[in-house]
Amino acid sequence: MSPLPLFRRTLVASAIALGLVGPAMAEERELLNSSYDIARELFATVNPAFQAHWEETHDDTLTIKQSHGGSSAQARAILQGLRADVVTYNQVTDVQVLADAGLVAEDWQQQLPNNASPYYSTTAFLVRKGNPQGIESWEDLAAEGVELVFPNPKTSGNGRYTYLAAWGAAERAFDGDEERVTAFMRDFLGNVKVFDTGGRGATTSFIERGIGDVLISFESEVNNIRQEYGSDDYEVIVPPVSILAEFPVAVVEENAERNGTLELARDYLEFLYAEQTQRLLAGFNYRVHDETVVAEFADQFPETELLNVEEVFGGWDAAMETHFASGGRLDQLQRR
């Protein structure tokens, strides 16, 4: 095609200079959120809400992409080059490994409220209709003949919370008697039929493959499963003692600076603390911090004593070294 005639090019140039041509096309922006395995549906709802929020005040069109898997696997993917702008994980250590590598700010837990955990949960049980095994507490899960499904603690933050909740509950039940705790944990782990790599795989094994009597996962996940697959076919058991499961978030600053998304990434995470988003999170059966939303959903969340990883296990670094490192207590317990 021949170039524009000179007079037409001159008219266009003059119109632009005088501001007579409309504004330029909105810039296209993209954000990548690296998240844990069972958060797909959650962020499929959060993302359009944030997109509308962002585009109301910016001359951008925004696309938000997700990368899901076990949170530890997701962290490794970022270390290996995945250019995620933000992480929304289910365990502190999976964010801290990125901070130790210089990808996330050293003070990331101080950059947002509640130790950079906009929502939290605990560990609960999903049983089949009628609760045929009579499951009420952690002690019941070590009984002979009970078959369990939960993610592998070696690959999944969800699985590590399950293991630590069981250990902490046993310590409470047996007054710290290490022999009895060890015997309980050996029986508990011996009842596991499937150790999937992540929470979504464990759900598939329990629901679609029909494996096991009990699925152990986050309270949010088991409630969402029950709502999706039939409240008459499954029951949720929240044990009287469980564990505080925080969901830490952070900007992957090195990536966001390189991608030109630093402001966007920060706004995305701050949006998770907004009242409207906290209400949405509670609708997905996550426990939240906003007092107004907490009051609105109070009847949805049974009372339970939440053990703290820092108080019971000396923090995540100590728990990882003692229980989950190669040759640690998890490996020792699984040697029959």
Side-chain angles (χ1 to χ4, degrees), residues 34-38 67-82 84 87 89-104 106 108-109 123 138 141-142 148-171 174 176-202 205 212 216-218 243-248 250 307-336:
S34 169
S35 196
Y36 54 99
D37 195 34
I38 58 177
S67 178
H68 289 285
S71 63
S72 296
Q74 285 291 295
R76 286 195 298 273
I78 292 174
L79 292 173
Q80 293 166 3
L82 178 69
V87 293
Y89 287 162
N90 58 22
Q91 191 181 322
V92 168
T93 54
D94 292 327
V95 184
Q96 188 58 46
V97 72
L98 300 178
D100 293 342
L103 298 170
V104 166
E106 291 183 6
W108 65 271
Q109 284 188 287
T123 301
W138 290 99
L141 302 183
L148 311 178
V149 177
F150 65 88
N152 191 335
K154 289 283 190 176
T155 58
S156 166
N158 189 337
R160 285 190 281 276
Y161 275 119
T162 292
Y163 172 98
L164 294 177
W167 186 288
E171 280 196 337
F174 303 133
D177 186 323
E178 188 167 344
E179 283 191 14
R180 296 180 70 187
V181 171
T182 299
F184 164 82
M185 289 299 297
R186 186 168 284 115
D187 290 340
F188 169 74
L189 292 169
N191 282 348
V192 177
K193 293 295 291 182
V194 176
F195 260 150
D196 286 289
T197 57
R200 186 49 49 92
S205 293
I216 312 173
S217 189
F218 294 124
I243 198 160
L244 172 64
E246 295 181 298
F247 291 77
L307 303 175
N308 189 292
V309 172
E310 282 69 28
E311 295 172 1
V312 178
F313 299 98
W316 273 109
D317 287 344
M320 293 295 289
E321 181 177 353
T322 300
H323 292 274
F324 305 119
S326 180
R329 287 188 175 177
L330 173 60
D331 288 344
Q332 296 167 25
L333 289 165
Q334 290 183 300
R335 296 185 190 124
R336 304 297 290 180

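In terms of heavy-atom proximity, Asp187 sits nearest to Ala142 at CB-O, 3.7 Å. Here the shortest heavy-atom pairing between Pro153 and Phe195 reads CD-CE2, 3.7 Å. Considering every non-hydrogen atom in both Ala202 and Asp196, the closest pair reads CA-OD2, 3.2 Å.
Taking the side chain as every heavy atom from C-beta outward, Phe150 and Asn158 never approach each other to under 4.5 Å. With contacts defined as side-chain heavy-atom distances shorter than 4.5 Å, the pair Val149/Val192 does not qualify.
Separation of atoms CD (Gln332) and CE (Met185) is listed at 12.0 Å; rounding is to 0.5 Å. Rounding to the nearest 0.5 angstrom, the gap separating the CG atom in Leu330 from the NE2 atom in His323 is 9.5 Å. For the atom pair Leu164 CG and Glu171 CD, the distance stands at 10.5 Å (nearest 0.5 Å). Separating the CG atom in Leu148 from the OG1 atom in Thr162 is a distance of 10.0 Å, to the nearest 0.5 Å. A distance of 5.5 Å separates CZ of Phe218 from CD1 of Ile38, quoted to the nearest 0.5 Å.
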**Request:** Please report the C-alpha distance between Asn152 and Thr197 in whole Å, then the side-chain angles of each, then the deciding distance to 0.1 Å, and finally whether the side chain to side chain donor-acceptor pair (under 3.5 Å) criterion is met.
**Result:** CA-CA 5 Å; Asn152 191 335; Thr197 57; over 6 Å; no
**Request:** Could you go through the side chain to side chain contact (heavy atoms under 4.5 Å, CB included) check for Leu103 and Leu79 one step at a time?
**Result:** CA-CA 8 Å; Leu103 298 170; Leu79 292 173; 3.9 Å; yes
**Asked** Given Val309 and Ile243, is the side chain to side chain contact (heavy atoms under 4.5 Å, CB included) satisfied, shown in steps?
**Response** CA-CA 8 Å; Val309 172; Ile243 198 160; 3.8 Å; yes
**Criterion side chain to side chain contact (heavy atoms under 4.5 Å, CB included) on Val87 and Ile78, from CA distance to verdict** = CA-CA 10 Å; Val87 293; Ile78 292 174; 3.4 Å; yes
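Between Tyr163 and Phe324, the ring center distance clears the sub-6.0 Å criterion.
Within a 6.0 Å sphere centred on CG of Asp317, other residues, nucleotides and ligands contribute 12 heavy atoms or fewer. The local environment of NZ in Lys154 is crowded, with over 12 non-hydrogen atoms from other residues, nucleotides or ligands closer than 6.0 Å. Residue Glu310 qualifies as enclosed at atom CD: its count of foreign heavy atoms under 6.0 Å is above 12.
With hydrogens and angles left out, the side-chain atoms of His68 and Tyr36 include no donor and acceptor closer than 3.5 Å. If you check the side chains of Ser67 and Gln74, you find a donor sitting under 3.5 Å from an acceptor.
Every residue meeting the salt bridge (Lys or Arg N to Asp or Glu O under 4.0 Å) condition with Glu178, not counting sequence neighbours, appears here in chain and number order: Arg329.
Remark: the backbone N or O of Leu141 is paired with a side-chain donor or acceptor of Asn191 at under 3.5 angstrom. Distance alone, capped at 3.5 Å, is enough to place a donor-acceptor pair between the Ser205 side chain and the Gly201 backbone. A donor-acceptor pair under 3.5 Å is formed between the side chain of Asp37 and the backbone N or O of Arg200.
Residue Tyr161 forms a ring pair (Phe, Tyr, Trp, His ring centres under 6.0 Å) with just one option from Trp316, Trp167, Phe247, and that option is Trp316.
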Let me check something: any side-chain donor-acceptor pairs from residues 90-99 under 3.5 Å, sequence neighbours excluded? List them with distances.
from	atom 1	to	atom 2	distance (Å)
Asn90	OD1	Ser71	OG	2.9
Gln91	OE1	Arg160	NE	2.6
Gln91	OE1	Arg160	NH2	3.2
Gln91	NE2	Thr93	OG1	2.4
Asp94	OD1	Ser72	OG	2.8
Asp94	OD2	Ser71	OG	2.5
Asp94	OD2	Ser72	N	3.4
Asp94	OD2	Ser72	OG	3.3
Gln96	OE1	Trp108	NE1	3.0
Gln96	NE2	Asp100	OD1	2.9

